Colleague: 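Here it is, the structure, as structure tokens.
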Amino acid sequence: MGDRLTLLRSQRDIVETMEQQTSKAGGQTLLSWHGPQHVHVHPNPRVVLIALLLLVVIVGYAVISNNPMMAITFILIGFVGYLFLTRDPRSLDYVITTKGLIVGREMFSYDSIESFWIFDGPPLENVLSLKSDGILAPYIHIPLLEESVGEIHQIMLTYLPEEKQEPRAVDILEKIIHS
């Protein structure tokens, strides 16, 4: 009974948070869901082994060449990489409103988005890709629930032009590493 009460309270908190974000951004909520920040795929053990061997060689070279700063740097890079690969993605609230999209605590207004595309095949499956006017991150990828892809497509067509996008080299590289 206690677990169920806790679950109901957390669901109520999620709904209240989404309503607060929507009211701040303005506009009417069209669709909302709760999901992972990104699709988490465990890396291929062979790729991990190759990366580990490469890291050992680089650290070994740094030790032989009497460069402790380089050795420490690459040990830290390996540690951070390990933490990144084993960490589960955060859960975020996604809200589509009449003014834009809310992802977690960020608001993306339709004015700052040039177009959209929904990837439905490898290497990206059920991913909404938004082409924004951002310089550093021109593409925003949002994982979708499989059952809501058609509904999201219809909503996006109302507010944004649909423009075919090809998976970027980073997306293909990520798929290779994880397969």
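In this text the structure is predicted, and so the values were computed from the model without any measurement.
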Colleague: Check the angle between the aromatic planes of Phe119 and His141 and answer parallel, tilted or perpendicular using the 30° and 60° thresholds.
Modeller: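 Perpendicular: the ring planes of Phe119 and His141 meet at over 60°.
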Colleague: Thr98 and Gln28: side-chain donor and acceptor closer than 3.5 Å?
Modeller: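 Note: Thr98 and Gln28 side chains miss the donor-acceptor criterion.
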Colleague: Is the backbone N or O of Gln154 less than 3.5 Å from a side-chain atom of Thr158, with the two atoms forming a donor-acceptor pair by type?
Modeller: yes
Colleague: Is it the case that more than 12 heavy atoms not belonging to Asp120 sit under 6.0 Å from its CG atom?
Modeller: no
Colleague: If I take atom CG from residue Leu130 and atom OH from residue Tyr139, how far apart are they, to the nearest 0.5 angstrom?
Modeller: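 It comes to 11.0 Å.
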Colleague: Measure from the side-chain N and O atoms of Thr97 to the backbone N and O of Gly100, and report whether any donor-acceptor pair falls under 3.5 Å.
Modeller: yes
Colleague: Quick one: are Leu92 and Val103 in side-chain contact, heavy atoms under 4.5 Å?
Modeller: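 A side-chain contact exists here, since the closest heavy-atom pair is under 4.5 Å.
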Colleague: In Å and rounded to the nearest 0.5 Å, what is the CE to CD1 distance from Met69 to Ile72?
Modeller: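 Met69 CE to Ile72 CD1: 6.5 Å, rounded to 0.5 Å.
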Colleague: Can you give me the closest heavy-atom contact between Met70 and Ile58, atom names plus distance?
Modeller: CE-CG2, 3.8 Å
Colleague: Answer whether the closest heavy-atom distance between the side chains of Tyr94 and Leu31 falls below 4.5 Å.
Modeller: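 Not touching, per the 4.5 Å side-chain cut-off.
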Colleague: How long is the span from the NZ atom in Lys99 to the CG atom in Asp111, to the nearest 0.5 Å?
Modeller: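 Rounded to the nearest 0.5 Å, the NZ-CG separation comes out at 9.0 Å.
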Colleague: Is the backbone N or O of Glu163 less than 3.5 Å from a side-chain atom of Ser115, with the two atoms forming a donor-acceptor pair by type?
Modeller: no
Colleague: So do Tyr110 and Leu160 actually touch side chain to side chain, heavy atoms under 4.5 Å?
Modeller: yes
Colleague: When Met156 is tested against each of Leu101, Ile118, Ile113 for side chain to side chain contact (heavy atoms under 4.5 Å, CB included), which residue passes?
Modeller: Leu101
Colleague: Quick one: salt bridge (charged side-chain N to carboxylate O under 4.0 Å, His left out) partners of Glu162, sequence neighbours excluded?
Modeller: none
Colleague: Write down the atom of Ala71, the atom of Val63, and the distance for their closest heavy-atom approach.
Modeller: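 In this case the closest contact between Ala71 and Val63 is CB-CG2, 4.4 Å.
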Colleague: Would you say the side chain of Asp93 lies within less than 4.5 Å of the side chain of Trp33, judging by non-hydrogen atoms?
Modeller: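 A side-chain contact is absent here, since even the closest heavy-atom pair is not under 4.5 Å.
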Colleague: Is a side-chain donor or acceptor of Ser112 paired with a backbone partner of Phe108 at a separation under 3.5 angstrom?
Modeller: no
